[in-house]
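What follows is a short report on a single structure.
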Amino acid sequence: MTAVAFDLPRLRAMDEDAWTALQAAWHRRLFFYVKRCVGDHQTAEDLVQEVFLGAVRGIDGYDPAFTPEQFLFGIAHNRVVDHLRRRRAAKVAPALGGGGDDDGAGSRVWLESAVPDDAPAPAAAVVAGEDEARRWRALGEILRAFVGELWAAGEFDKLMTLEYLFVLGGRNKAAAERFGFADEKHVAGVKFRALERLRSLARLRDPNHSLFHGLWQPGAP
Amino acid sequence: MTGANDDPQLALTVAAVWRQARASCPHPDLLASWLHGGVDGGARRFVDFHLGESCCPTCNAVVDDLRARDARAVRPADDDARARCLHSTLAAVRSARR
């Protein structure tokens with residue numbers, strides 16, 4: 001359903017039926033995602049509306065290397081972050097003597113995203129940004145491949161342990177207790193072997209040594 | 001086998017990308033099976049963990065959506081919201097086409 005709903009040429013041609021199909025396929029899922037993040041029903045509705053407006057504005061720049069889901073949920077994530085920043089700023093502004101209105105909140109957001117003095121020049125920043133985006137995309141694919149291996153092997157306890165460590169920031173000792181390992185050294189071993197496998201997959205994806213420089217330096221693990 | 005062997009820098013990078021890339025998110029079809037009790041054993045424990053303890057917001061949204069469909073819980077108010085949203089989207093589409 002979603003593959004049909006994401007007809008890129010027609011979406012870029014601003015075909016109303018294509019946009020209607022896209023919204024029919026994704027509206028509710030995006031709504032539940034945003035509602036989970038912001039809590040309020042009405043705010044979630046407003047933000048989802050902004051997500052689709054953002055999609056209309058951004059469809060020309062859509063990179064097919066990303067899935068439609070990543071495109072739409074990426075916009076949704078950004079809208080949620082913007083909203084939470086505005087809300088936080090609105091709470092902070094009165095304490096600073098500001099009015100707490102939209103202008104005040106906007107200034108606060110601007111300050112948070114202001115370019116630091118030691119930031120690289122714009123051109124260098126663009127190149128560095130593209131490299132970083134390529135690395136992140138590659139690492140995402142590597143991680144999905146690695147998780148796929150664990151699924152195929154039925155190693156769900158290992159997968160849970162790694163998600164607990166990496167995503168939730170759990171400690172080895174806590175993981176040992178949570179997942180029934182003999183001790184934290186066993187957990188460290190699982191983590192160590194996972195990172196080894198990720199390095200190995202990264203090397204396979206980087207034959208020209210252009211993505212993960214650190215992997216190819218003398219003495220690299 | 002702790003300390004340097006853990007490679008904190010790589011671990012930090014992995015942590016940052018894992019959620020964003022949805023590295024361990026089950027396919028929506030599998031979440032639908034899970035919802036209907038069709039997933040057993042280790043896979044079920046993992047999905048329980050991923051939705052519950054790990055609190056994946058995207059997969060939880062998928063499950064909420066599936067539950068809403070199953071329960072035919074779409075209220076008229078939701079339809080109104082979707083209609084308003086579609087109206088504004090199509091207005092933007094027409095504006096972009098000009």
Side-chain angles (χ1 to χ4, degrees), chain A residues 13-16 19-20 22-24 27-37 45 48-49 52-53 55-57 69-70 73 77 136-137 139-141 143-144 146-147 150-151 154-157 159-160 162-169 172 184-185 188-189 191-192 194-195 198-199 214 221, chain B residues 1-7 9-26 28 41-47 49-50 53-58 60-69 74 77-78 81-82 84-86 88-98:
Chain A
M14 296 298 158
D15 180 308
E16 291 187 25
W19 281 97
T20 303
L22 180 80
Q23 183 169 314
H27 181 277
R28 226 165 19 176
R29 196 169 295 178
L30 286 163
F31 169 76
F32 284 122
Y33 170 81
V34 172
K35 187 159 184 265
R36 272 193 173 268
C37 298
E45 283 183 2
V48 171
Q49 202 162 334
F52 284 103
L53 294 177
V56 171
R57 284 193 294 271
E69 188 177 35
Q70 286 173 322
F73 278 87
H77 173 80
W136 273 59
R137 208 175 305 155
L139 185 53
E141 288 167 9
L143 279 171
R144 280 194 291 274
F146 175 59
V147 169
L150 295 175
W151 266 93
E155 300 201 78
F156 298 107
D157 288 336
L159 180 55
M160 274 188 281
L162 292 171
E163 182 160 328
Y164 180 82
L165 295 171
F166 289 133
V167 179
L168 301 181
N172 291 356
E184 60 190 289
K185 283 183 182 173
K191 189 173 174 183
F192 175 75
L195 293 176
L198 289 171
R199 280 194 195 91
Chain B
M1 203 178 286
T2 55
N5 280 347
D6 274 354
D7 195 342
Q9 193 177 352
L10 179 56
L12 274 176
T13 311
V14 167
V17 177
W18 187 299
R19 190 70 103 195
Q20 194 194 45
R22 304 196 59 204
S24 60
C25 292
R44 174 162 197 93
R45 277 188 288 117
F46 173 73
V47 177
F49 167 81
H50 184 72
E53 198 167 337
S54 188
C55 241
C56 173
T58 316
N60 273 300
V62 172
V63 170
D64 287 346
D65 182 23
L66 291 168
R67 282 196 175 114
R69 283 170 202 255
V74 182
D78 292 332
R82 290 169 73 177
R84 278 198 305 275
C85 184
L86 182 60
S88 83
T89 303
L90 293 183
V93 165
R94 285 179 206 121
S95 173
R97 209 165 42 204
R98 284 190 199 117

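Computed from heavy atoms alone, side chains included, the values below leave out hydrogens, waters and symmetry copies. Residue numbers start from 1 in every chain, and the chains themselves are labelled A, B, ... in the order their sequence lines are given, proteins ahead of strands.
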note = Heavy-atom closest pair (B:Ala43 atom, A:Trp151 atom, distance to 0.1 Å) is CB-CZ3, 3.8 Å
inquiry  = For B:Asp65, is there any backbone N or O sitting under 3.5 Å from a side-chain donor or acceptor partner on A:Arg29?
reply    = no
query = Which value, rounded to the nearest 0.5 Å, describes the distance between A:Leu139 atom CG and B:Gln20 atom CD?
reply = 10.0 Å
Non-hydrogen atoms of B:Ser24 and A:Glu163 that approach each other most closely = OG-OE1, 2.5 Å
Charged N-O contact under 4.0 Å between B:Asp64 and A:Arg28 = no
message = Within this structure, what is the CZ-CG distance for the pair B:Phe49 and A:Leu168, rounded to the nearest 0.5 Å?
response = 5.0 Å
key: Among A:Phe73, A:Phe31, A:Trp19, residue most engaged with chain B (heavy-atom pairs, under 4.5 Å)   = A:Trp19
remark   = Of A:Glu45, A:Gln49, A:His27, the one forming a side chain to side chain contact (heavy atoms under 4.5 Å, CB included) with B:Arg82 is A:His27
note = Note: A:Gln70 and B:Ala21 closest approach over all heavy atoms is NE2-O, 4.4 Å
key: Residue selection (most heavy-atom pairs with chain B, distance under 4.5 Å) from A:Leu53, A:Leu159, A:Leu165   = A:Leu159
remark   = What one should report as the nearest heavy-atom pair of A:Arg36 and B:Pro57 is CD-O, 4.0 Å
ask   = When rounded to the nearest 0.5 angstrom, what is the spacing between OH in A:Tyr33 and SG in B:Cys56?
value = 8.5 Å
query = Measuring heavy-atom distances to chain B, does A:Leu22 have an atom under 4.5 Å in its side chain, in its backbone, in both, or in neither?
reply = neither
request  = Nearest 0.5 Å please: distance from the CG atom of B:Asn60 over to the NZ atom of A:Lys35.
outcome  = 13.0 Å
ask   = Looking at CG of B:Leu86 and CZ of A:Phe52, how far apart are the two atoms once the value is rounded to the nearest 0.5 Å?
value = 9.0 Å
query = For B:Leu90 and A:Glu16, which heavy atoms make the closest approach, and how far apart are they?
reply = CD2-O, 3.7 Å
request  = Report the distance from atom OG of B:Ser95 to atom CE of A:Met14, rounding to the nearest 0.5 Å.
outcome  = 9.5 Å
